[in-house]
Amino acid sequence: QLQLEESGGGLVQPGGTLRLSCAVSPFTWDYWNIGWFRQAPGKEREGLSCISSTSTNYADAVKGRFTISRDADGTVYLQMNSLKPEDTAVYYCAAGRPLSYSYCSLYQEDFGSWGQGTQVTVSS
């Protein structure tokens with residue numbers, strides 16, 4: 001009955017920024033690996049980033065532009081800078097069980113609980 005809820009999506013111009021939030025309940029701080037995924041129309045869902053208790057991981061498509069972090073209350077954020085039109089998608093956060101060596105996976109099969117998604121549109 002783990003619940004995740006994304007927020008912070010919206011319309012932004014190319015080159016702009018957004019910060020997405022993922023509220024996780026019940027509160028478990030950093031127990032869960034939390035991943036960010038996105039799905040654009042007609043495309044497969046892709047993993048973007050994840051955070052474990054000790055590490056982070058990023059897909060090449062967003063490396064250097066997106067940053068994942070976690071607050072003391074367990075909320076996980078995705079700071080998105082230098083947004084491009086191709087970043088337009090529904091963004092999801094998901095929770096998965098810890099993996100060996102606190103590795104954070106970018107594969108959706110490793111995540112069992114999902115939020116409902118938040119729309120990000122990058123357009124001029």
Side-chain angles (χ1 to χ4, degrees):
Q1 296 179 342
L2 188 67
Q3 292 183 305
L4 301 95
E5 184 175 3
E6 305 92 340
S7 62
L11 176 65
V12 65
Q13 292 185 322
T17 66
L18 283 174
R19 189 177 73 159
L20 305 182
S21 299
C22 178
V24 182
S25 62
F27 173 69
T28 53
W29 191 39
D30 65 349
Y31 172 79
W32 299 102
N33 286 358
I34 303 296
W36 283 100
F37 299 78
R38 69 185 180 192
Q39 188 165 25
K43 295 186 177 181
E44 298 287 337
R45 186 172 297 181
E46 61 175 326
L48 305 176
S49 184
C50 75
I51 186 166
S52 71
S53 60
T54 59
S55 65
T56 59
N57 195 12
Y58 297 92
D60 289 342
V62 304
K63 192 173 299 181
R65 297 191 297 124
F66 292 9
T67 303
I68 193 168
S69 61
R70 180 156 27 197
D71 274 352
D73 66 358
T75 300
V76 175
Y77 302 94
L78 186 68
Q79 177 69 41
M80 306 188 294
N81 299 328
S82 302
L83 284 163
K84 306 173 182 179
E86 51 262 45
D87 293 320
T88 296
V90 177
Y91 283 68
Y92 301 87
C93 65
R97 295 188 181 278
L99 303 176
S100 297
Y101 305 104
S102 297
Y103 175 74
C104 37
S105 171
L106 298 179
Y107 292 100
Q108 61 182 325
E109 291 79 8
D110 290 324
F111 297 84
S113 299
W114 294 78
Q116 295 301 305
T118 185
Q119 177 70 47
V120 171
T121 302
V122 184
S123 177
S124 59

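These numbers were taken from a predicted model, which means no experiment stands behind them.
- Closest heavy-atom contact between W32 and A95: CB-CB, 4.2 Å.
- Sorted by first and then second residue, the disulfide (SG to SG under 2.5 Å) pairs with a member in residues 43-115 read C22-C93; sequence neighbours excluded.
- Of the charged side-chain nitrogens involved, at least one lies within less than 4.0 Å of a carboxylate oxygen, so that K63 and D60 count as a salt-bridged pair.
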Applying side-chain contact (heavy atoms from CB on, under 4.5 Å) to I34 and L4, what does each step give before you reach the verdict?
CA-CA 10 Å; I34 303 296; L4 301 95; 4.2 Å; yes

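- Between the side chain of E5 and the backbone N or O of G115 there is no donor-acceptor pair closer than 3.5 Å.
- Hydrophobic clustering, with ILVMFWY side chains joined whenever heavy atoms are under 4.5 angstrom apart, groups V12 together with L20.
- Side-chain contact between M80 and D87: absent, with no pair of heavy atoms (C-beta onward) separated by less than 4.5 Å.
- Under a hydrophobic-cluster definition in which Ile, Leu, Val, Met, Phe, Trp and Tyr are linked whenever side-chain heavy atoms come within less than 4.5 Å, directly or via other members, V90 and F111 are assigned to the same cluster.
- When L48, L78, T67 are each tested for a side chain to side chain contact (heavy atoms under 4.5 Å, CB included) with V62, only one passes: L48.
- Among all heavy-atom pairs drawn from S105 and L99, the shortest one is CB-CD1, 3.7 Å.
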With side-chain contact (heavy atoms from CB on, under 4.5 Å) as the test, would you mind laying out the steps for Q79 and F66 before giving the verdict?
CA-CA 5 Å; Q79 177 69 41; F66 292 9; over 6 Å; no

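- E6 places a side-chain N or O within 3.5 Å of a backbone atom of G117 that can act as its donor or acceptor partner.
- Here the side chain of S49 pairs a donor or acceptor atom with the backbone of N57 at under 3.5 angstrom.
- In plain terms, the two heavy atoms of L2 and P26 that are nearest each other are CD1-CD, 4.0 Å.
- Nearest approach of T75 to S21, heavy atoms of both residues: CG2-CB, 4.3 Å.
- Partners of R45 by side-chain contact (heavy atoms from CB on, under 4.5 Å), not counting sequence neighbours, listed by chain and number: F37, Q39, Y92, Q108, W114.
- A search for side-chain contact (heavy atoms from CB on, under 4.5 Å) contacts involving T56 returns I51, Y58, I68, not counting sequence neighbours.
- The closest donor-acceptor contact from the side chain of N33 to the backbone of Y103 lies under 3.5 Å.
- Proximity of a side-chain donor or acceptor of R38 to a complementary backbone N or O of T88 within less than 3.5 Å is not detected.
- Here the closest heavy-atom approach between residue L18 and residue G8 is recorded as CD2-O, 3.8 Å.
- Crowding of E44 atom CD: a count of heavy atoms from other residues, nucleotides or ligands under 6.0 Å not exceeding 12.
- Scanning both residues, S102 and S55, for their nearest heavy atoms gives O-OG, 2.9 Å.
- Heavy atoms of other residues, nucleotides or ligands lying less than 6.0 angstrom from CZ of F27 number more than 12.
- Counting heavy-atom neighbours within 6.0 Å of Y31 OH, excluding the residue itself, gives a total above 12.
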